[in-house]
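Before any comments, here is the structure.
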Amino acid sequence: MLAMFFWAFVVGGLFCVVGQLLFDVAKLTPGHTLSLLVVVGAILDGFGLYEPLIDFAGAGATVPILSFGNSLVHGALQEAEQHGIIGVLTGMFEVTSSGISAAIVFGFLGALLFKPKG
């Protein structure tokens, strides 16, 4: 049990280090960094490498932004097997819709409760 927490912390931390290095060393903007990490997660899932990482690191691999890219591709491929080309579009949104909806709702509530800047 302790090893599971350790590896989740290490893998999630490594993802954060990569993101911070993209900010500091590569001088990428937050939008570019976010997009790049989502695409990397999508590519890893496309090659079948993200699921073993989830099995190994648990929440360390499912919480970061790379997991969003993984979810997009995973849902698209799963639905494409069942419904063909139209499944690619519907599968992406079916799997990720709850996360996107939660981000919108909690962002709105945060803006109501606190004084937003900008």
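The analysis underlying the following values was restricted to heavy atoms, covering all of them including side chains, and did not include hydrogens, waters or symmetry mates. This is a predicted model, so every value here is computed, not measured. Nothing fancy with the numbering, it's 1 onward along the sequence.
Within a 6.0 Å radius of CZ in Phe9, no more than 12 heavy atoms belonging to other residues, nucleotides or ligands are found. Heavy-atom neighbours of His83 NE2 from other residues, nucleotides or ligands within 6.0 Å: above the threshold of 12. At most 12 heavy atoms of other shown residues, nucleotides or ligands fall within 6.0 angstrom of atom CD1 in Ile85. The environment of CD1 in Ile86 is sparse: at most 12 heavy-atom neighbours from other residues, nucleotides or ligands sit within 6.0 Å.
Between the side chain of Asp45 and the backbone N or O of His74, at least one donor-acceptor pair lies under 3.5 Å.
Following chains of ILVMFWY side-chain contacts shorter than 4.5 Å, one can reach Leu36 starting from Val18, so the two form part of one hydrophobic cluster. Tracing side-chain contacts under 4.5 Å through hydrophobic residues (I, L, V, M, F, W, Y), one reaches Val39 starting from Leu44; they form part of the same cluster. If you chain together hydrophobic residues whose side chains sit under 4.5 Å apart, Leu66 and Leu28 fall into the same group. Side-chain heavy atoms closer than 4.5 Å link hydrophobic residues (I, L, V, M, F, W, Y) into clusters, and following such links, even through other members, never connects Phe23 to Leu14. Hydrophobic clustering, with ILVMFWY side chains joined whenever heavy atoms are under 4.5 angstrom apart, groups Ile65 together with Ile104.
In the hydrophobic clustering (ILVMFWY side chains linked at under 4.5 Å, chained through shared members), Val25 is joined by Val17, Leu21. Cluster partners of Phe5 are Met1, Met4, counting Ile, Leu, Val, Met, Phe, Trp and Tyr whose side-chain heavy atoms approach within less than 4.5 Å, directly or via other members.
Of the inter-residue distances, the one linking Leu34 atom CG with Phe68 atom CZ reads 9.0 Å to the nearest 0.5 angstrom. Rounding to the nearest 0.5 Å places OG1 of Thr90 at 10.5 Å from CD of Gln78.
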Original post:
Should Thr29 and His32 be marked as a side chain to side chain donor-acceptor pair (under 3.5 Å) after you check the CA-CA gap, both sets of side-chain angles, and the distance that decides it?
Top reply: CA-CA 5 Å; Thr29 65; His32 288 108; 2.5 Å; yes

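Summarising the geometry of Gly19 relative to Thr33, their closest heavy-atom pair is O-CG2, 4.0 Å, with the distance given to 0.1 Å. Nearest heavy-atom pair, Lys27 versus Asp24, reported as atom, atom and distance to 0.1 Å: NZ-O, 3.1 Å. The two atoms that bring Val38 and Leu72 nearest to each other are CG1-CD1, 4.4 Å, heavy atoms only.
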Show the atom names and distances, to 0.1 Å, of all donor-acceptor pairs under 3.5 Å that link a side chain in residues 47-57 to residues at least two apart or in another chain.
residue	atom	partner	partner atom	Å
Tyr50	OH	Ala61	O	2.5
Tyr50	OH	Ser67	N	3.3

